[in-house]
Amino acid sequence: MPKKFERKPKKKLSVDDYTKGILEGNRIILSQAITLIESTKTAHQEIAQQIIEQCLPHTNQSIRIGITGTPGVGKSTFIEALGNYLTDQERKLTVLAIDPSSQVSKGSILGDKTRMTNLSTNKNAFIRPSPAGNSLGGVARKTRETIILCEAAGYDTIIVETVGVGQSEIAVHSMVDFFLLLLLPGAGDELQGIKRGIVEMADLIAVNKADGDRITLAKQAKRSYKNALHLYPIKESKWTPKVLTCSALDNIGIGNIWKTIVEYQTHAKENDFFAYNRKRQAHYWLHESIQAQLKQRFYNDETIKNTLTSIEKSVNDNRISPFKAAQDLINSFLKR
Ligand code: GDP
């Protein structure tokens, strides 16, 4: 028997080895499989897809939570506080992120080792930085596939973090059961750069940094957000979004936020929205994947690659309309 932490020479794992390792909760193998998901190499992606397929029947009764808020609102401090609270309750937590800008900063959102220092050494928490990628769709797909592997590895609470500035919230919303928006005390939506659409997606708004001399301000913010939420349409889940205050730094109000998430889960399971929403999300990702794969195959086709430049020139010179040129190219691609 090898010693528990002995490093073994790296051997090539089969799809079955990966799946077995993941189902046993082996974090090293889980990490390696996620690296395959993130790889741009076709061979890696093929193995990754087989692993995902084998893991799919083993995904557990999880709750997937999206967390957003502008930089500095306290997301990582909050996730650390909530994460420690949950692992104390024997839950197993995964923290993932979607940051499409990470192609430039190489996964800045969670790549920074100083973030979540406590949680990152917690054996019941698995933290993975945002995958790099040149499109939000690609980054989001990889994160969604990673969720499946983490659930198969026994993680029952999935947190997907994103920066509260726009499109990436929609991507996160399409893969989570519950959406939490973190806000600061005092500032209005416009000041915080939060778009109406993001507030509309929230199942819970938590006014963070409700500590020290900000407590009164936080309470006021809570009241005004509560009033503002009345103006939003009733949610399809029939859940009335809640507004709470918390201090991630002082660990205040974290239990209350978790209680609300559990209440939501009970509510959405009772009225069947929970399962319906997950099915709808799977449907959405089916169509997203079809579009992405068609596009990839088209642009990777050798003949298309060879003719595209001259067609572009013809379009530039007004010799052919963009619509007709696209039609001709697609027709020639489909005939092969
Ligand atoms: P992120 O960019 O949203 O991930 O924000 P961070 O978690 O990195 O926090 C930004 C700053 O706000 C840090 O200096 C934190 O210590 C501070 N912070 C986070 N949560 C709280 C809180 O509840 N109260 C106070 N007073 N400061 C906080």
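We count ligands from 1, going down the list as the structure has it; atoms in each ligand are counted the same way.
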For this session: Give a yes or no on whether the backbone of Leu183 and the side-chain of Lys209 come within a donor-acceptor separation of less than 3.5 Å.
Result: no

Exercise. If only atom types and distance count, is the side chain of Gln45 paired as donor or acceptor with the main-chain N or O of Ser39 below 3.5 Å?
Worked result: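 Answer holds: yes.
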
N/O to N/O below 3.5 Å, does that happen between [X] and ligand 1?
X      : answer
Ser76  : yes
Asp250 : no
Ala210 : no
Ala248 : yes
Phe78  : no

Those atoms of ligand 1 less than 4.0 Å from some heavy atom in [X]:
X      : value
Asp211 : 22 (C), 23 (O), 24 (N), 25 (C), 26 (N)
Pro71  : 2 (O)
Asn208 : 20 (N), 21 (C), 23 (O)
Val73  : 3 (O)

For this session: Give a yes or no on whether Lys269 atom NZ has more than 12 heavy-atom contacts from other residues, nucleotides or ligands under 6.0 Å away.
Result: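 Result for NZ/Lys269: enclosed.
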
Problem set entry | Pairwise ring pair (Phe, Tyr, Trp, His ring centres under 6.0 Å) hits with a residue in residues 296-336, at least two apart | Phe298-Phe333

Exercise. Looking only at side chains, do Glu236 and Tyr276 share a donor and an acceptor under 3.5 Å apart?
Worked result: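 Yes - a donor-acceptor pair under 3.5 Å links their side chains.
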
Exercise. Which of these, Lys209, Arg214, Glu80, has its nearest heavy atom closest to atom 17 (C) of ligand 1?
Worked result: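 That would be Lys209.
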
Exercise. Could a heavy atom of Gly69 be found less than 4.0 Å from some atom of ligand 1?
Worked result: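 So Gly69 does not count as touching ligand 1.
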
For this session: Keeping to residues at least two apart or across chains, list the salt bridge (charged side-chain N to carboxylate O under 4.0 Å, His left out) pairs with something in residues 248-268.
Result: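 Residue pairs with at least one partner in residues 248-268: there are none.
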
For this session: Begin with the C-alpha distance, continue with both residues' side-chain angles, and end with the deciding distance and a verdict on salt bridge (Lys or Arg N to Asp or Glu O under 4.0 Å) for Lys92 and Glu151.
Result: CA-CA 10 Å; Lys92 287 188 78 184; Glu151 289 182 357; over 6 Å; no

Problem set entry | Residue pair Lys305, Glu302: steps toward the salt bridge (Lys or Arg N to Asp or Glu O under 4.0 Å) verdict | CA-CA 5 Å; Lys305 274 195 213 163; Glu302 284 308 317; 3.4 Å; yes

